[in-house]
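The structure appears below as structure tokens.
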Amino acid sequence: MATRTPAAGGRRRQVLDAALTVLGTAGARGLTHQAVDRAAQVPPGTASNCFRSRDALVTGVVAHLEALDRQDWENLQHAELPGMARELAVLLGRMVHTATTGPGRVRTVARYALLVEGAARADVREPLARSRTALITWAADWLRHLGSAAPGQHCRMLFDYLDGLMLHRALVPLPEEDTTDPAPEIETFLAALLP
């Protein structure tokens with residue numbers, strides 16, 4: 001049975017998914033067109049046909065990551081709002097575990113590699129900041145629903161805490177963090193914000 005070549009949009013998506021994998025496993029210095037071609041298992045030159053320069057590839061990956069994040073959060077919008085801080089902590093704990101020791105780890109590490117790249121490049125930094133702001137605006141409804149007196153500010157604080165938690169769990173984990181449920185610590189943090 002012959003295999004079908006992905007459509008142009010499908011091939012571009014394949015290249016972007018592979019670029020995230022390269023970033024998440026080899027870091028920013030490992031992100032080359034050749035490495036992406038190998039990771040995507042496509043003919044040599046495919047990544048450079050889609051993205052003529054490394055800068056264009058990085059910009060494409062940032063937009064792809066932003067779209068993936070938006071899709072994840074839109075999927076959560078269909079879930080019922082947590083009624084208690086403990087329920088929110090459990091939900092966020094699952095997300096942290098998936099993003100740091102589960103199948104989302106590569107994407108999380110790729111995000112941190114892009115954040116470092118964004119320190120020197122506004123075209124990388126600004127979309128990442130825009131995406132984070134949109135997520136905070138949306139997620140503030142959770143904290144408002146739970147009685148926060150300053151949901152926007154509290155949500156920014158929560159995201160800062162979660163970013164730090166995920167950074168340490170993904171990049172410099174303690175041995176016990178692979179199995180430790182982060183939900184109780186998240187609940188403690190939420191208790192300081194909520195009535």
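This one's a predicted model, so the numbers in the text were calculated from it and none came from an experiment. By convention here, the first residue in the shown sequence is residue 1.
- Of the possible polar contacts, one joining the H33 side chain to the F51 backbone as a donor-acceptor pair under 3.5 Å is found.
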*Run the numbers on R70 and L135 for side-chain contact (heavy atoms from CB on, under 4.5 Å), then give the verdict.*
CA-CA 8 Å; R70 186 173 47 251; L135 293 176; over 6 Å; no
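- Between V58 and R54 there is a side-chain heavy-atom pair separated by less than 4.5 Å.
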*asked:* Walk me through whether D72 and M95 qualify under side-chain contact (heavy atoms from CB on, under 4.5 Å).
replied: CA-CA 11 Å; D72 287 349; M95 290 171 56; over 6 Å; no
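- If you chain together hydrophobic residues whose side chains sit under 4.5 Å apart, L88 and L162 fall into the same group.
- Residues W138 and L65 share a single hydrophobic cluster, defined by chaining ILVMFWY side chains whose heavy atoms lie under 4.5 Å apart.
- Side-chain atoms of Q14 and D17, non-hydrogen and from C-beta on, never get closer than 4.5 Å to each other.
- Remark: T59 OG1 to E117 CD distance equals 9.0 Å, nearest 0.5 Å.
- Note on W142 and Y161: same hydrophobic cluster, where clusters join Ile, Leu, Val, Met, Phe, Trp and Tyr whose side-chain heavy atoms are under 4.5 Å apart, directly or indirectly.
- Annotation: side chain of R169 is in contact with side chain of V96 (closest heavy-atom distance under 4.5 Å).
- Side chains of P103 and T98 form a contact here, defined as non-hydrogen atoms less than 4.5 Å apart.
- Of all heavy-atom pairs spanning C155 and I136, the tightest one is SG-O, 3.6 Å.
- Note that CE of M84 and CD of E87 are 4.5 Å apart. Values are rounded to the nearest 0.5 Å.
- Here NE2 of H168 is found 11.0 Å from CG of D163. Values are rounded to the nearest 0.5 Å.
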_Criterion salt bridge (Lys or Arg N to Asp or Glu O under 4.0 Å) on R132 and D69, from CA distance to verdict_ = CA-CA 9 Å; R132 186 175 194 273; D69 287 345; over 6 Å; no
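- Note on L171: it clusters hydrophobically with M166, by side-chain heavy-atom contacts below 4.5 Å among ILVMFWY residues.
- With rounding to the nearest 0.5 angstrom, the CG atom of L16 is 12.5 Å from the CZ atom of R11.
- Distance check: D123 CG to D55 CG gives 6.5 Å after rounding to the nearest 0.5 Å.
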Please tabulate, for the side chains in residues 188-195, all donor-acceptor contacts under 3.5 angstrom to protein atoms that are two or more places apart in sequence or on a different chain.
residue	atom	partner	partner atom	Å
T188	OG1	P184	O	3.1

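- Put simply, the side chain of H154 does not reach to within 4.5 Å of the side chain of L158, judged on heavy atoms.
- Of the possible polar contacts, one joining the T108 side chain to the G104 backbone as a donor-acceptor pair under 3.5 Å is found.
- For D37, there are no salt bridge (Lys or Arg N to Asp or Glu O under 4.0 Å) partners, not counting sequence neighbours.
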*asked:* Pair T32, L57 - check side-chain contact (heavy atoms from CB on, under 4.5 Å), show working.
replied: CA-CA 9 Å; T32 64; L57 178 61; over 6 Å; no
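- Considering only heavy atoms from C-beta on, R125 stays 4.5 Å or farther from L115 through its side chain.
- Nearest heavy-atom pair, P151 versus A140, reported as atom, atom and distance to 0.1 Å: CB-O, 3.5 Å.
- Not one N or O on the side chain of R107 forms a donor-acceptor pair closer than 3.5 Å with the backbone of L20.
- For the salt bridge (Lys or Arg N to Asp or Glu O under 4.0 Å) test, residues two or more places apart in sequence or in another chain that qualify with R86 are E187.
- Closest approach of C50 to V15, counting heavy atoms only: SG-CG2, 4.2 Å.
- Residues L128 and L23 share a single hydrophobic cluster, defined by chaining ILVMFWY side chains whose heavy atoms lie under 4.5 Å apart.
- Without hydrogens or angle criteria, S148 side chain to R144 main chain gives no donor-acceptor distance under 3.5 Å.
- Not one N or O on the side chain of S131 forms a donor-acceptor pair closer than 3.5 Å with the backbone of P127.
- To the nearest 0.5 Å, atom CZ of residue R105 and atom OG1 of residue T25 are 9.5 Å apart.
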